[in-house]
Amino acid sequence: MGVLAALLKAEGCFVSGSALCAPEGLSRAALWKRIDTLRQQGFTVEAQKGAGYRLTGCPALSAQEVAALTIGPLGQNVRLYETTTSTNERAMQLASEGAEHGTVVMALEQTKGKGRLGRIWHSPAGQNLYISTVIRPSIAPREASLLTLLCAVASARTLRQSTGAEVSIKWPNDLMIDGHKLGGILLEMRADQDSVHYLVAGIGINVNLSKRDLPAELRATATSLKMATGKPWRIAPLCAALLDEIAQMLGEFQSSGRASVLEAWRGLNCTLGKPVRVLGPGGGQVRGMAMDIDDEGRLIVATEAGGVEHIGSGDIEQ
Ligand code: BTN
């Protein structure tokens, strides 16, 4: 365990110098250097003779904290931008230049945040989670939609466990609380007919937004963790927990197949069993009852006209 990870784990209590040095075999001089670097990065570290070191403050969001808190393979290489056009755009660029599996791009603000179906994702500075992860899976392109469901499940689980908020999933991957949208997932990929070269899983979650920060057109439909739970949340621990959950689910998906993702999605969704109107990307619409999802994550709708349709993409009104 690294020095920052050990200090974070101690949650503000003192950790002795020798306990901080031991895991990596650091000398005292090397430890001081590490502590000095942490201070330059904005961490407040108190030193006390005989007691050791303790962490009394963290920057609002730092790549170091996210990397220190993650235990799985995603998030060991984290890049944080104060502002960027879109973390997905950055991550796609890095992936095209060879960035390794698990590379993470985060931003405090996005100036051209991208949503599904060509929409804009409202991405004001410092309040929310904007994260994109490069994934190099060994799957066929038609299985990629399952990774969107996987990310939605991982997000809902993480937020439920970390904050207690009752987050559910509206097909295919809207994160919802009480009928209001909390976040969403945008998966982009580069693939040829037979194989996926790389994917970028972009996740946006409204964390500390207040109602007044929302543009008028989103006020009736959007929410944030703070609005739902009544208190603010630190973004770095949420990111780390999310990355570990995605890593764990990806491992399960690669080794045991799609069943666990589909089952978990069914258990967290708020769409199935309800009447829906599905608006297709091309402008068409289907009305009916949402019955289930199929093996590729498409929504199965028993239509008002008496047929059954498997719908691959669209927006739901329920
Ligand atoms: C949706 O429309 O529901 C998907 C929203 C996805 C937004 C996230 S924020 C981080 C990443 N970067 C982007 O530009 N979009 C995704």
Side-chain angles (χ1 to χ4, degrees), residues 61 63 66 74-75 78-95 99 103-135 144-145 147-156 158-159 167-177 179-189 198-209 213-215 217-218 221-225 235-236 238-239 242-243 246 265 268-271 278-281 297 299 312-318:
L61 181 58
V66 174
L74 304 185
V78 181
R79 299 184 185 212
L80 172 67
Y81 295 90
E82 203 152 307
T83 180
T84 188
T85 47
S86 149
T87 54
N88 263 35
E89 205 171 280
R90 286 269 182 177
M92 285 296 278
Q93 176 67 31
L94 289 171
T103 301
V104 169
V105 177
M106 292 169 36
L108 296 176
E109 174 190 41
Q110 300 185 116
T111 52
K112 283 190 187 150
K114 297 196 279 185
R116 283 177 60 234
L117 308 172
R119 298 198 189 106
I120 288 172
W121 187 253
H122 179 61
S123 309
Q127 293 166 321
N128 297 329
L129 183 157
Y130 314 116
I131 188 170
S132 299
T133 306
V134 176
I135 300 175
S145 56
L147 290 197
T148 319
L149 302 190
L150 183 152
C151 288
V153 169
S155 304
T158 301
L159 297 175
V167 179
S168 58
I169 306 168
K170 186 170 112 177
W171 184 85
N173 47 36
D174 283 353
L175 301 169
M176 308 294 290
I177 298 179
H180 292 79
K181 183 155 168 168
L182 174 76
I185 286 119
L186 179 67
L187 209 82
E188 296 187 74
M189 70 169 164
Y198 52 80
L199 282 153
V200 164
I203 302 179
I205 296 167
N206 297 335
V207 179
N208 292 320
L209 270 183
D213 304 322
L214 283 166
E217 69 274 16
L218 294 180
T221 54
T223 189
S224 71
L225 285 174
I235 295 172
L238 293 176
C239 281
L242 177 56
L243 289 168
I246 294 173
W265 188 94
L268 284 163
N269 93 90
C270 57
T271 299
V278 189
L279 308 168
L299 186 67
S313 120
D315 243 349
I316 285 209
E317 278 179 10
Q318 42 187 97

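Residue numbers run from 1 in the order of the sequence given. Note that these values count all heavy atoms, side chains included, but never hydrogens, waters or copies made by symmetry. All figures in this text were calculated on a predicted structure; none of them were measured in a lab. All ligand and atom numbering here is 1-based and tracks the order in the structure.
Distance alone, capped at 3.5 Å, is enough to place a donor-acceptor pair between the Arg116 side chain and the Gly314 backbone. Judged by distance alone, with hydrogens and angles left aside, the side-chain atoms of Lys181 form no donor-acceptor pair with the main-chain N or O of Asp174 at under 3.5 Å. The main-chain N or O of Asn269 is never found under 3.5 Å from a side-chain atom of Thr271 such that the two would form a donor-acceptor pair. The backbone N or O of Lys114 sits nowhere less than 3.5 Å from a side-chain atom of Asn88 that would complete a donor-acceptor pair. Between the side chain of Trp171 and the backbone N or O of Gly297 there is at least one donor-acceptor pair closer than 3.5 Å. In this structure a side-chain-to-backbone donor-acceptor pair under 3.5 Å is present from Trp265 to Pro172.
Any N or O atom pair closer than 3.5 Å counts here, and Gln110 shares at least one such pair with ligand 1. Between Thr87 and ligand 1, at least one N/O pair is under 3.5 Å apart.
Of the options Ile131, Thr84, Leu129, Thr87, a side-chain contact (heavy atoms from CB on, under 4.5 Å) to Met106 is made by Ile131 and by none of the others.
The protein heavy-atom contact nearest to atom 8 (C) of ligand 1 is Gly204 N, 3.5 Å. For atom 5 (C) of ligand 1, the closest heavy atom belonging to the protein is Trp121 CE3, 3.4 Å. In terms of protein heavy atoms, atom 15 (N) of ligand 1 is closest to Lys114 O, 2.7 Å.
With a 4.5 Å cut-off on side-chain heavy atoms, Met189 and Leu147 do not count as touching.
For ligand 1, the atoms closer than 4.0 angstrom to any heavy atom of Ile131 are 10 (C). Annotation for ligand 1: atoms under 4.0 Å from non-hydrogen atoms of Gly113 are 14 (O). Heavy-atom contacts of Ser132 reach the following atoms of ligand 1: 11 (C), 12 (N) (cutoff under 4.0 Å). Numbered from 1 in the order shown, with element, the atoms of ligand 1 that lie under 4.0 Å from a heavy atom of Ile203 read 8 (C), 9 (S), 10 (C). Those atoms of ligand 1 that come under 4.0 Å of a heavy atom in Asp174, given as number and element, are 3 (O).
Under 4.0 angstrom from ligand 1, there are no non-hydrogen atoms of Asn173.
Among Lys181, Lys112, Met92, Arg116, the residue whose heavy atom sits closest to atom 3 (O) of ligand 1 is Lys181.
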